[in-house]
Structures are given as C-alpha cells and as structure tokens.
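Here is the structure we will look at, set down as structure tokens.
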2 protein chains.
Amino acid sequence: MQNDERRALLLERATELFGEHGYDALSMAQIARAAKISKALLYHYFPSKHKLFEAALMAGAIELRERVQPDPTLPPAEQVSTTLEAFLLWVEERPKAYAKMLESAGAREVRETMGQVRVDTAQLILAGLGPDGERPATRAAVFGWLAFLDAAILDWIEHGDMTRQELHAMLLATFAGALIASGAGGAPMVAGQR
Amino acid sequence: MQNDERRALLLERATELFGEHGYDALSMAQIARAAKISKALLYHYFPSKHKLFEAALMAGAIELRERVQPDPTLPPAEQVSTTLEAFLLWVEERPKAYAKMLESAGAREVRETMGQVRVDTAQLILAGLGPDGERPATRAAVFGWLAFLDAAILDWIEHGDMTRQELHAMLLATFAGALIASGAGGAPMVAGQR
DNA sequence: CCTGCTTGCTGACCGCTGGTTGACAAGAGG
DNA sequence: CCTCTTGTCAACCAGCGGTCAGCAAGCAGG
C-alpha cells in the first residue's frame, strides 16, 4: 500500500476513535488493532501518540476555521454573532466528539498543545478589541469567557434541554457582559474566529 | 508506628506532593519513596491512587468550606461578594497548588470526582437563586461561570499583573452579567460557597 | 537466473505505570 | 514454647508508550 494513502487512512481512523473514546482512554495498540496493522507500523507513520492526536486535531481545526471565518463586510457585532453561530452549528454536528476533545484537553501529554490553541484563539479575539485587548483584566476576561463557552456547550450537550438559539443569545450577552466587567469599553466588538 | 498516625502523615505528604506535581506527573512509587516506605505499604493505607488523591482533595475542601462560609445576616449580594473574596484569598495563599489541582482535574481517573465537586458547587449557587435556578439557561450560565472563574484565576496566577481587588470586581460583575444573559432576573443574588 | 539493495512491515522487547500477593519479623496472650 | 495478629516489603502482574532487529517482497544490475 502507498505511503500517503495509508497515512491518510490511519489519520481518518484515529480521528474517529479519538472522538469516540478521548485521548487517554485510547491506546496506540487499540488504534493499530482497529486499523489491522502492527503497533510498530503505526509508529512508522506517526512518531508518537501525542503527534498523532495533534494531526487529528489539526485536520478538524482547519475545517472549523473555514466554516467560522467571519465576513469582514459586516459590522463588528454582527461578525461576532455569526461566527459564534457557525461555531455552535459545527459543534451541533458532532456533539460527542467535541465533548471528548474537550475532555482530552486535560490529558497530561496534550495539555500544552490544547492550551496553545486556546491562547491563539484568545489572541485573535483580543486583537479585534483594539487597545482594550492589552489590558490585563480584559485578557483574563477573554480567557475566562472561552472557558465559559466550553463549559456551557458541555452542559448544553449533556442536558439537551436548550435550543441553539437560546444558548447563542446567552453566550453573546455574557461575552459583552464580561468585556464590560473587565472595564473595557465593550464598544467595537470585532470578530474572533476559532 | 501507629496506624492512624502513619496514615495522617502519608496524607499530609501526599497532599503536598500532589500540589507540587499534579495528579498524573506523580507516581505512587514516588510518593512511597518520599515517605520512605514501600509502595505496597502505601497501598495498605490507601486502596488506590485515585482514593488517595480524593482524600487529599477532601482535606483541602473542608478547610476551604469553613473559610468561605457566608454570613447569613448579610444581604445576598454582600454574601456573594464576601464569599468570593474569601475564596480568592484562599487561592492567593497557595497559588501553585491550586493551579496544579485545576490541571489535575483533567486526568482521566479523577475527572468524575472533580466534576462532582463542580456539580455540587453549582447546585449550591443555583439553590440560592430561587426559581431562576431551575431554568436550563441559568444552569448553563452558572456552570459556565464556574469555568470562567477558574480560567480567570489561572490567568491571574500565571501573569500576576492584576490585583485581587481588580479580579474580584471583574468576576462579580461577570457573574451578574451571566445571570442577566441567561434571562434570570438576577435579583436576589444569594451566596453559594464552595 | 542469481544477487543485492530498498521498502513496507512485524514480533519481541524496554522501562515505566497502577495494583497485587506471599512471606517475613515482631510483639501479645495463652 | 507456641500461635495469632499486625506492620512491612521484595517480587511480581498486565498494560502503557515507544524502539529495534530482522523478515518478506519487489526491483535493478550482472
């Protein structure tokens, strides 16, 4: 079998399995068994479990980024709203996998990688806030809100008793509230995509 | 050495080490070596790593609960404010250990335990909110805010460029903002201790 | 046809982890 | 003196992430 073809196949299968079991409940031996190859061959294509997970994560992140790309012709507040909506739609398509990915963020080996993703996202939002984005309280508020976002989404997925529209409105209002609470003018809410 | 005495000593030492290294970066063999006993003896006192961690966590939780107990003679809004202040003071005394505990929450084996702690905390806050506490959006908002709280605290610990007063004001305003965003009246903010 | 090199692939192994077990030493009570 | 309980540990287990020597097959050159 060709090198690239097999690699792509393995990545696809691994992505699926990670989304089903999470990072630390899934062993390399299991992945190899599911793909009907030896563990050593799996290590031939991916140098470590951490890197394999990263590759699977990045594949998803690229697709997500395309889907939530804000429309720069819209006013800033609209951009935030539609980007958030696109994000929630994306989550709604794969709720269990998203939940497992959030869980996996706590695993020792991938904590730093996932943390970096969050830092990048926060930086994007902060950059859109202009000078307010440099104030420590605003930085903490944006980090806090990203955690709020994920926790609220987990609750949404788990209980299933809210509409996407309700959640969207609550998240958006909380974002504005957090910015105001941090002392930022909260004026030009420019979009931050994920 | 007496049974209870040794057990207490081991618990103390383990609490210290967990606060220093986190759950998954610390092995039972290391704990045993630090206490100058064999691993098997450690397992004689605590049936599993998970239970040992739980015991260490509970010891801290009891102390914390005493310190943040709200004064029921104060008006509800005051109770929230002073409880939050007491909590931040507690964190400020052991910032690194608190951060490590938050990190440890992601480890597979203790995730459920830590999740339960958070559910209990949320329940306490929701109970204080009266009828609004039963609305799905408010429940999600409270869960979200608890995550906001921890993320903002991590940012505060990591960067060290905010005063406790600033953080306190930001967290309190965000809490009110989240409640309003969830559609709750936000009126009688009754205290929820940790 | 044979030889030799590359390439895809594997079984067996390593050090570590959380967790278990059988046995030894010591003190108490008869 | 014997026995029973209690504290203690070395040695072991299966599973983990990760490594390595070597097999099998296809292709090139003589």
Side-chain angles (χ1 to χ4, degrees), chain A residues 1-15 17-18 20-57 100-101 103-114, chain B residues 1-57 100-101 103-114:
Chain A
M1 193 176 286
Q2 294 300 337
N3 189 308
D4 287 358
E5 187 184 346
R6 169 145 264 173
R7 200 189 131 96
L9 224 78
L10 284 175
L11 188 54
E12 192 182 336
R13 195 89 187 87
T15 305
L17 289 171
F18 274 130
E20 196 171 335
H21 305 288
Y23 182 83
D24 32 32
L26 183 64
S27 74
M28 289 299 262
Q30 280 175 58
I31 298 173
R33 216 175 303 132
K36 282 166 194 157
I37 58 170
S38 74
K39 208 174 56 156
L41 185 56
L42 182 54
Y43 274 98
H44 174 74
Y45 287 99
F46 299 92
S48 69
K49 188 183 183 184
H50 167 227
K51 288 283 182 190
L52 171 56
F53 182 77
E54 219 172 58
L57 197 67
K100 284 292 176 190
M101 281 292 168
E103 266 186 24
S104 302
R108 193 170 188 298
E109 287 182 301
V110 296
R111 203 173 287 147
E112 205 168 333
T113 303
M114 301 287 275
Chain B
M1 194 176 284
Q2 295 301 335
N3 189 309
D4 287 359
E5 188 186 345
R6 171 146 260 171
R7 202 190 129 95
L9 224 79
L10 284 176
L11 188 55
E12 191 182 337
R13 194 89 187 86
T15 304
E16 190 183 322
L17 289 170
F18 275 129
E20 196 171 335
H21 304 288
Y23 182 82
D24 31 33
L26 183 64
S27 76
M28 289 298 263
Q30 279 175 56
I31 298 173
R33 216 176 303 131
K36 282 166 195 157
I37 59 170
S38 77
K39 209 175 53 156
L41 187 56
L42 182 54
Y43 273 98
H44 173 75
Y45 288 99
F46 299 93
S48 69
K49 188 184 182 185
H50 166 226
K51 288 283 181 187
L52 171 56
F53 182 77
E54 220 172 58
L57 198 66
K100 284 292 176 192
M101 282 292 168
E103 266 185 24
S104 302
R108 192 173 187 296
E109 288 183 295
V110 295
R111 204 173 288 147
E112 204 168 333
T113 302
M114 301 289 274

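Letters A, B, ... are given to chains in the order of the sequence lines, protein chains preceding strands, and every chain is numbered from 1.
Look at B:Tyr45 and you'll find a side-chain N or O under 4.0 angstrom from OP1 or OP2 of D:dT8.
From one end of the helix from C:dC1-D:dG30 to C:dG30-D:dC1 to the other, with five pairs defining each end axis, the axis direction shifts by 40° (rounded to 10°).
Counting to the nearest Å, the C1' atom of C:dC16 and the CZ atom of A:Arg108 are 13 Å from each other. Atom C1' of nucleotide D:dT8 and atom CZ of B:Arg7 are separated by 18 Å, given to the nearest angstrom. With rounding to whole Å, B:Ile37 atom CD1 is found 13 Å from D:dG7 atom P. Note: NE2 (A:His44) to P (C:dT7) measures 10 Å, nearest angstrom. The nearest whole Å value for the distance from the CZ atom in B:Arg6 to the P atom in D:dT6 is 17 Å. The separation between B:Asp4 atom CG and D:dT6 atom P is 14 Å, rounded to whole Å. For A:Lys39 and C:dG11, the NZ to P distance is 12 Å, given to the nearest whole Å.
For B:Tyr43, the side-chain atoms get nearest to C:dG18 when compared with the rest of D:dC9, D:dG18, C:dG18. Among the nucleotides D:dG18, C:dG18, C:dG11, the one closest to any side-chain atom of A:Ala40 is C:dG11.
Looking at which nucleotide of DNA chain C each of B:Glu109 and A:Leu42 is closest to, the 5′-most match is held by A:Leu42. Residue-to-nucleotide proximity on DNA chain D shows that, of B:Leu41 and A:Lys49, the 5′-proximal contact is made by B:Leu41.
The side-chain heavy atoms of A:Asp24 and A:Glu109, taken from C-beta on, include no pair separated by under 4.5 Å.
B:Glu12 is linked by a salt bridge (Lys or Arg N to Asp or Glu O under 4.0 Å) to nothing, counting only residues two or more places apart in sequence or in another chain. Remark: B:Ala105 pairs with B:Met114 by the side chain to side chain contact (heavy atoms under 4.5 Å, CB included) rule, at least two apart or across chains. For B:Glu54, the salt bridge (Lys or Arg N to Asp or Glu O under 4.0 Å) partners at least two apart in sequence or on another chain are B:Lys51. Under the side chain to side chain contact (heavy atoms under 4.5 Å, CB included) criterion, A:Ala8 pairs with no residue at all, not counting sequence neighbours. Residues forming a salt bridge (Lys or Arg N to Asp or Glu O under 4.0 Å) with A:Arg33 (at least two apart in sequence, or on another chain): none. When the side chain to side chain contact (heavy atoms under 4.5 Å, CB included) test is applied to A:Met28, the partners found at least two apart in sequence or on another chain are A:Ile31, A:Lys39, A:Leu42, A:Tyr43, A:Lys49, A:Leu52. Annotation: side chain to side chain contact (heavy atoms under 4.5 Å, CB included) contacts of A:Ala55 (sequence neighbours excluded): A:Leu11, A:Phe46.
DNA chain C lies under 4.0 Å from at least one heavy atom of each of the following residues of residues 13-35 of chain B: B:Leu26, B:Ser27, B:Met28.
Between A:Phe53 and A:Tyr23, the ring planes lie perpendicular to each other; the angle is over 60°, past the 30° to 60° tilted range.
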